[in-house]
Number of protein chains: 4
Amino acid sequence: MANTSTPDSSRRSERSRRAIFDAALALVGEVGYDKLTIEGIASRAGVGKQTIYRWWPSKAAVLLDAFTATVDDYDTKGLPDTGDLAADLKFVLRATADEFNDPAFQAPYRALAAAGANDEELSRTFVARLSEPGTRLYVDRLRAAQETGEVGADIDVRIAAEMLLSPFSQRWLMRTGELTYDFVDTLVDQVLRGLRPRG
Amino acid sequence: MANTSTPDSSRRSERSRRAIFDAALALVGEVGYDKLTIEGIASRAGVGKQTIYRWWPSKAAVLLDAFTATVDDYDTKGLPDTGDLAADLKFVLRATADEFNDPAFQAPYRALAAAGANDEELSRTFVARLSEPGTRLYVDRLRAAQETGEVGADIDVRIAAEMLLSPFSQRWLMRTGELTYDFVDTLVDQVLRGLRPRG
Amino acid sequence: MANTSTPDSSRRSERSRRAIFDAALALVGEVGYDKLTIEGIASRAGVGKQTIYRWWPSKAAVLLDAFTATVDDYDTKGLPDTGDLAADLKFVLRATADEFNDPAFQAPYRALAAAGANDEELSRTFVARLSEPGTRLYVDRLRAAQETGEVGADIDVRIAAEMLLSPFSQRWLMRTGELTYDFVDTLVDQVLRGLRPRG
Amino acid sequence: MANTSTPDSSRRSERSRRAIFDAALALVGEVGYDKLTIEGIASRAGVGKQTIYRWWPSKAAVLLDAFTATVDDYDTKGLPDTGDLAADLKFVLRATADEFNDPAFQAPYRALAAAGANDEELSRTFVARLSEPGTRLYVDRLRAAQETGEVGADIDVRIAAEMLLSPFSQRWLMRTGELTYDFVDTLVDQVLRGLRPRG
DNA sequence: ACCTAACCGAGACGGTACGTCGCGTCTTATA
DNA sequence: TATAAGACGCGACGTACCGTCTCGGTTAGGT
């Protein structure tokens with residue numbers, strides 16, 4: 001009965017896709033995620049609701065794609081490696097703090113993190129597309145430091161990266177503290193202190 | 001015209017309050033937070049909608065109270081202090097891992113964490129009632145260790161606690177990894193390694 | 001799961017009911033039956049859609065009630081009986097012709113007749129409430145004439161009534177001719193000519 | 001900009017036209033007129049929607065053509081004239097009753113009659129193509145009887161035909177009674193009784 | 001021991017948004 | 001250029017809940 005067939009993506013309207021992304025990001029900033037509606041996005045984008053439902057299963061999915069499309073341009077090649085691990089980490093984390101403190105960034109990111117908590121499927125995508133790639137950069141940088149002997153060979157670098165990043169994201173997500181440069185510096189120092197090879 | 005006066009809590013029906021908590025917790029487990037509705041709670045609890053609206057401003061607030069009422073019984077006095085910091089932390093964190101792996105606990109806790117991400121007011125209450133008290137126990141235990149010299153005097157114990165707890169909660173909330181005993185043990189070891197007083 | 005229970009009609013809002021009738025009749029006249037929508041009625045009546053769906057199953061049912069409520073005031077006691085059957089019939093049919101030529105009457109009546117053609121359930125109600133009572137008046141008047149000997153005893157008065165009324169309604173419904181006084185008079189004469197007792 | 005030009009009917013696909021008729025008639029029988037959709041017809045006929053929109057302005061027009069194409073084969077030359085008017089009329093009306101009682105005939109015919117009630121344009125075509133030709137046969141037969149003296153010269157044969165046919169169609173359309181042979185016979189007798197020349 | 005104000009269960013109400021269906025227009029590729 | 005296919009903007013569908021609002025019926029204290 002029902003038409004369950006997948007739509008033909010080669011005939012998709014690029015103009016509509018873009019308009020939907022713009023509308024979704026603008027609206028989530030203006031009214032917040034809870035009051036973000038598919039109808040609102042469609043209307044702001046000058047698009048039929050069906051055009052959204054045809055390509056995305058939920059407002060979270062729309063927002064995820066919209067956000068990803070924006071962020072993907074950032075596309076870093078890797079963390080800086082000046083030879084000074086602490087300095088490199090502080091530099092990057094300070095930049096990330098600035099980014100997380102940017103209001104335009106906050107609304108969609110928070111919304112996606114929150115939606116992911118209640119939707120396993122979504123959280124997989126969210127992590128794979130947005131958080132994992134960033135984390136991997138830290139893991140790689142730490143592994144490089146391991147090879148130069150700056151970090152102990154017996155260290156679990158994945159967990160080390162989490163010790164660095166999770167306090168950061170957690171503070172931000174739960175609003176348990178400000179993301180200041182001071183905080184970032186102390187965090188880096190305190191984590192690195194434990195990573196040095198044992199005498 | 002409208003009656004804006006606060007209700008008289010001395011005449012409140014305890015029976016209804018309990019029924020609402022039970023219904024809310026049961027439903028959030030069965031249908032998830034997004035499909036949890038005030039009408040659903042009222043109907044399941046055999047209660048008028050107004051009785052809910054009279055006492056709580058939102059479904060998140062109901063759930064927060066319901067969850068708190070359940071968890072408050074746990075009420076620990078403090079972390080164990082056997083003199084062996086690593087052992088004490090591993091013991092408590094392993095127990096917490098078990099708790100977080102309990103399905104009955106997951107749905108409401110995830111829901112509240114997520115709701116908090118988008119609702120500043122709620123997140124303040126959530127943190128103050130549910131996460132801060134727990135965190136403080138760790139801070140206190142670390143401070144005690146600082147006094148025995150097990151932990152360096154120059155350590156920021158708040159951040160140290162976050163290095164311990166955030167990777168833990170982050171993994172769970174974002175589903176980026178399992179909360180195994182192995183993970184807990186490695187995490188504790190790796191964090192503590194950096195806390196020791198400098199030679 | 002679903003709430004299939006019937007609503008409590010004792011708590012029904014009379015104000016809304018009236019507003020819905022007014023809106024339905026006004027709109028069917030303005031935009032026609034096909035473009036008459038539940039949303040349009042609700043909006044014009046200043047009423048939630050659910051308030052309509054709670055009490056009626058379809059726009060046809062709303063219109064039928066609305067129309068009935070208007071027409072019920074007509075409530076005739078019976079056809080005139082001056083002793084002159086032809087004169088009585090012409091008098092009433094001329095009045096009916098005037099009524100059917102009234103634009104305010106046309107739109108809803110046509111719409112209901114048409115909707116009934118495709119919906120057996122609806123047509124039963126339509127006939128029982130709107131057409132049968134009128135027909136019965138003619139049947140009764142003819143039977144009275146039968147008793148005075150003006151109409152033959154062997155005549156099927158039901159069919160005689162149909163010979164009078166069906167050409168009339170058919171012309172109007174299908175627009176196959178005007179409902180003029182001339183037509184009415186000729187029709188009455190020609191029908192009565194066959195009803196007289198056989199010499 | 002828009003192409004408003006009329007399509008070139010010489011290049012029209014006869015195969016598609018037939019498939020559309022078949023689909024329309026089949027569907028109106030299966031799901032009824034209200035749930036009959038252009039999309040449904042196109043899909044069932046294996047035809048693009050545009051092919052329908054190119055040649056017909058509405059689903060009613062499609063159905064009218066489809067029905068006409070089916071019925072046109074019947075094409076009678078005239079009513080029988082055995083010299084016995086009553087017998088001739090009963091014979092034809094009984095056959096018509098059988099036809100109207102055929103389920104395959106009912107759905108489209110009812111649908112068209114109903115659609116016509118709300119759409120003046122359509123009803124003109126409906127009457128001209130489907131009902132008027134039939135009526136005229138009766139008018140002609142009655143006029144012939146007038147010439148043989150079987151029917152009074154002062155009779156309005158058009159109205160006489162309506163006295164015969166309208167009760168018949170009305171009963172069927174509004175479902176106010178069965179179309180039995182008994183009914184047909186009584187109707188014919190009672191109508192003819194009034195048509196005889198006055199002594 | 002009654003009054004009466006408040007809470008209570010129930011659910012109708014005006015709304016907003018949902019996710020779906022079908023409209024009529026359009027674009028694309030095929031024959 | 002007609003066609004099969006189907007994406008598009010749009011409008012309405014019928015449903016689910018929202019938060020507010022009566023409506024009786026309990027259920028306490030305060031007199």
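This structure is a prediction, so every number in the text was calculated from the model and none was measured. Excluded from the calculations below are hydrogen atoms, water molecules and symmetry mates; all remaining heavy atoms, backbone and side chain alike, are included. Throughout, a chain's letter reflects where its sequence line sits, starting with A, and its residues are numbered from 1.
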Original post:
Do A:Phe126 and A:Tyr109 have ring centroids that are under 6.0 Å from one another?
Top reply: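 Under 6.0 Å, so yes.
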Quick check on [N]: is either OP1 or OP2 less than 4.0 Å from any side-chain nitrogen or oxygen of [X]?
{"X": "C:Thr51", "N": "E:dG14", "answer": "yes"}
{"X": "A:Arg54", "N": "F:dC8", "answer": "yes"}
{"X": "A:Trp55", "N": "F:dC8", "answer": "yes"}

Original post:
What is the nucleic acid contact for D:Gly46, judged by heavy atoms within less than 4.0 Å: base, sugar-phosphate only, or nothing?
Top reply: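 D:Gly46: backbone/sugar contact only, no base atoms under 4.0 Å.
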**OP:** Could you tell me whether D:Arg12 contacts a base, only the sugar-phosphate backbone, or nothing, with contacts defined as non-hydrogen atoms closer than 4.0 Å?
**Re:**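 Sugar-phosphate, no base atom in range.
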Subject >> Which residue lies more 5' along DNA chain F, comparing D:Ser9 with C:Pro57 via nearest heavy atoms >> reply: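 Nearest nucleotide further toward 5': that of D:Ser9.
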Original post:
If you find the nucleotide of DNA chain F closest to B:Gly40 and the one closest to C:Tyr53, which residue's nucleotide is nearer the 5' end?
Top reply: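 Going by which nucleotide is closer to the 5' end, it is C:Tyr53.
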Looking at [options], which one has an atom nearest to any side-chain atom of [X]?
{"X": "D:Ile38", "options": "F:dT15, E:dC23, E:dC18", "value": "E:dC23"}
{"X": "C:Pro7", "options": "E:dG14, E:dT25, E:dA12", "value": "E:dA12"}
{"X": "C:Thr37", "options": "F:dC13, F:dG19, E:dC7", "value": "F:dC13"}

**OP:** Check whether any side-chain heavy atom of D:Val47 sits under 4.5 Å from a side-chain heavy atom of D:Arg15, and report yes or no.
**Re:**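 In short, these two side chains do not touch, never coming nearer than 4.5 Å.
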Original post:
Can you find a heavy atom in the side chain of B:Ile20 that is under 4.5 Å from one in the side chain of B:Trp56?
Top reply: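 In short, these two side chains touch, coming nearer than 4.5 Å.
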Check [X] against [Y] and note the closest heavy-atom contact, atom names and distance.
{"X": "C:Arg175", "Y": "D:Gly116", "result": "NH2-O, 2.7 Å"}
{"X": "D:Arg44", "Y": "D:Ala26", "result": "NH1-CB, 3.8 Å"}
{"X": "B:Leu63", "Y": "B:Ala111", "result": "CD2-CB, 3.9 Å"}
{"X": "B:Phe21", "Y": "B:Val62", "result": "CE2-O, 4.2 Å"}

In whole angstrom, give the distance that lies between atom [atom1] of [X] and atom [atom2] of [N].
{"X": "D:Glu39", "N": "F:dC10", "atom1": "CD", "atom2": "P", "result": "17 Å"}
{"X": "D:Ile41", "N": "E:dG24", "atom1": "CD1", "atom2": "C1'", "result": "14 Å"}
{"X": "D:Lys35", "N": "E:dC23", "atom1": "NZ", "atom2": "C1'", "result": "18 Å"}
{"X": "D:Arg15", "N": "F:dA2", "atom1": "CZ", "atom2": "C1'", "result": "14 Å"}

Original post:
Any N or O donor-acceptor pair linking the side chain of A:Gln50 to the base of E:dC21 at under 3.5 Å?
Top reply: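 Yes.
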Original post:
Is C:Lys49 side chain donor-acceptor paired with the E:dG15 base, going by distance under 3.5 Å alone?
Top reply: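 Donor-acceptor pair under 3.5 Å: no.
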Subject >> Protein proximity profile, nucleotides 24-31 of chain F - base contact B, sugar-phosphate-only contact S, no contact -, cut-off 4.0 Å on heavy atoms >> reply: ---BB---
**OP:** For B:Ser16 and for C:Gly48, find the nucleotide of DNA chain E with the closest heavy atom, then tell me which residue's nucleotide is more 5'.
**Re:**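 The residue whose closest nucleotide sits nearer the 5' end is B:Ser16.
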